[in-house]
Amino acid sequence: MTQVPITLAEATEKAKELRIQLNQYSHEYYVADKPTVEDYVYDRLYQELSDIETEYPDLITSDSPTQRVGGKILQGFEKVTHEVQMYSLNDGFSKEDIYDFDERVQKLAGKQVGYCCELKIDGLAISLKYENGKFVQGATRGDGTVGENITENLKTVKSIPLELKKPISVEVRGECYMPKQSFVNLNKEREEAGQDVFANPRNAAAGSLRQLDTSMVAKRNLSTFLYTVADFGPMTAQTQFDALNELSEIGFRTNPEKKLCQNIDEVWAYIEEYHEKRSELPYEIDGIVIKTNEFTIQDELGFTVKAPRWAIAYKFPPEEAQT
Ligand SMILES: NC(=O)c1cc2c(N)ncc(C(N)=O)c2s1
């Protein structure tokens with residue numbers, strides 16, 4: 001059926017309506033993992049918006065889903081200084097290390113404290129900055145103080161909101177990763193094309209985010225889990241567990257496997273549970289991150305030169321090579 005040409009006013013209204021609808025469907029699919037429509041419904045509306053933007057390029061907005069496909073060739077990556085350091089974590093490798101950590105925390109805090117336990121995602125640490133709800137800068141961790149500006153590449157990662165559900169200014173940190181199945185598919189493609197294959201999903205994610213052709217990044221099916229707030233802006237969470245829920249409420253993808261543990265025995269049980277479940281997860285993890293849940297305790301315990309005193313990363317033993 002030939003499209004009846006529409007006026008600029010009608011196109012403006014229709015484009016806004018389509019953007020809102022498409023961004024909602026995209027959030028359901030890529031962030032909430034709960035799609036409510038079939039792909040063909042999304043694709044038809046997307047084509048309608050793309051046709052309008054082709055007819056009226058001035059109607060293209062920074063949060064339009066058509067901006068996710070990339071198409072820019074970057075000259076390189078500028079350096080970014082993190083105003084809030086992206087810290088690293090002290091590692092633990094045994095049950096004893098974890099119980100020793102708890103003993104140190106209780107001694108410093110003067111009481112038993114609760115812990116928020118989260119899966120340690122095997123990806124690339126990223127920092128995302130938003131101003132008045134709009135995504136303005138994405139950067140790699142780098143050395144924790146200076147990273148690289150990869151904003152254009154991160155705009156193609158569908159689980160990263162281009163606009164938050166609230167017009168707030170925040171900085172958040174998390175992990176960008178490649179799902180296991182996407183890694184298998186990518187390496188199959190590369191092998192068939194006679195290219196080198198990636199050793200693991202983490203290298204594949206890192207290699208993807210270093211692409212200078214943003215349309216290549218868009219095709220790599222990268223995803224994210226956000227887990228730290230560096231600049232709270234108007235966010236009100238007073239604990240790590242609540243901060244994760246608040247991150248999700250404003251539009252970020254967070255990992256659903258988190259657990260609030262009342263003592264270190266519960267922490268150890270969680271570690272054993274996910275050491276068992278590790279192979280069933282659709283993404284790689286290399287351990288468990290344990291943090292004192294109350295931010296007041298985190299402030300009290302502070303940091304050593306290298307890492308927070310209020311957190312530890314339990315690293316799983318290397319998986320036995322499949323014989
Ligand atoms: N280096 C770090 O501080 C962290 C690294 C990671 C990681 N790779 N995955 C998950 C978390 C988390 N949920 O806190 C953290 S925190």
Side-chain angles (χ1 to χ4, degrees), residues 31 82-93 97-98 101 105 114-128 138-147 157 159-160 171-180 183 200-206 209 222-232 235 237 239-248 252-261 267 270-271 273-275 277-278 281-295 297-299 301-316 318:
V31 177
H82 300 299
E83 283 147 44
V84 176
Q85 171 123 358
M86 288 182 75
Y87 52 76
S88 52
L89 295 174
N90 289 317
D91 290 337
F93 300 94
D97 289 346
I98 299 306
F101 164 72
V105 165
Y115 293 104
C116 182
C117 291
E118 302 166 58
L119 302 184
K120 190 170 183 300
I121 311 303
D122 198 5
L124 203 75
I126 56 171
S127 183
L128 306 176
T140 63
R141 179 180 181 283
D143 62 5
T145 304
V146 178
V157 177
S159 62
I160 293 177
E171 181 174 356
V172 299
R173 275 90 188 261
E175 210 79 5
C176 183
Y177 70 91
M178 183 177 291
K180 288 175 182 172
F183 169 70
N200 53 53
R202 188 200 176 287
N203 289 6
L209 287 175
L222 296 175
S223 191
T224 56
F225 289 121
L226 279 303
Y227 46 69
T228 293
V229 184
D231 177 351
F232 275 77
M235 290 176 68
T239 69
Q240 174 62 16
F241 196 84
D242 289 348
L244 291 167
N245 289 331
E246 203 169 358
L247 284 170
S248 180
F252 292 108
R253 187 159 185 263
T254 60
N255 190 282
E257 312 298 341
K258 64 180 182 292
K259 182 172 173 34
L260 183 52
C261 296
V267 170
Y270 177 91
I271 287 173
E273 177 187 359
Y274 280 93
H275 193 189
K277 288 182 177 174
R278 180 184 190 185
L281 294 168
Y283 46 83
E284 291 287 2
I285 62 171
D286 60 350
I288 301 295
V289 178
I290 302 131
K291 305 167 188 172
T292 61
N293 190 44
E294 307 282 339
F295 288 149
I297 300 288
Q298 293 186 10
D299 294 343
L301 269 55
F303 291 73
T304 65
V305 171
K306 175 178 168 286
R309 293 190 185 88
W310 42 266
I312 191 167
Y314 175 79
K315 304 294 286 279
F316 291 138

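Whatever order the structure lists ligands and atoms in, that order sets their numbers, starting from 1. These figures come from a predicted structure and were not determined experimentally.
Scanning the protein heavy atoms around atom 8 (N) of ligand 1, the nearest turns out to be Ile121 O, 2.9 Å. Closest protein heavy atom to atom 1 (N) of ligand 1: Tyr87 O, 3.6 Å. Here the protein heavy atom with the shortest distance to atom 16 (S) of ligand 1 is Tyr227 CE1, 3.5 Å.
Geometric assessment of Lys258 against the ring of Phe241 yields a positive cation-pi assignment under the 6.0 Å and 45° thresholds.
Contacts of Leu119 with ligand 1, taken as heavy-atom pairs under 4.0 Å, involve the backbone alone.
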TODO: Take Glu118 and Gln240 through the side-chain hydrogen bond (donor to acceptor under 3.5 Å, both in side chains) test and state the conclusion after the steps.
DONE: CA-CA 10 Å; Glu118 302 166 58; Gln240 174 62 16; 2.9 Å; yes

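Counting heavy atoms from C-beta on, the side chains of Ile271 and Ile290 come closer than 4.5 Å.
Scanning Glu118, Arg173, Met86 for the heavy atom closest to atom 13 (N) of ligand 1 points to Glu118.
Per-residue contacts place Lys291 under 4.0 angstrom from the following atoms of ligand 1 (heavy atoms of the residue considered): 12 (C), 14 (O). If you number the atoms of ligand 1 from 1 as listed, the ones under 4.0 Å from a heavy atom of Glu175 come out as 7 (C), 8 (N). Interface of Leu89 with ligand 1, defined as ligand atoms under 4.0 Å from a residue heavy atom, comprises 1 (N), 2 (C), 3 (O), 4 (C), 16 (S).
The shortest non-hydrogen separation linking Tyr177 to Gly123 is CB-CA, 4.2 Å.
Within the 4.0 Å heavy-atom shell around ligand 1 one does not find Ile285.
In this pair, Tyr270 and Tyr274 present their aromatic rings tilted. The plane angle is within the 30 to 60° band.
Using a 4.0 Å cut-off between a side-chain N of Lys or Arg and a carboxylate O of Asp or Glu, Glu257 and Lys277 do not qualify as a salt bridge.
Remark: side-chain polar atoms of Thr304 are paired, donor with acceptor, to backbone N or O of Lys306 under 3.5 angstrom.
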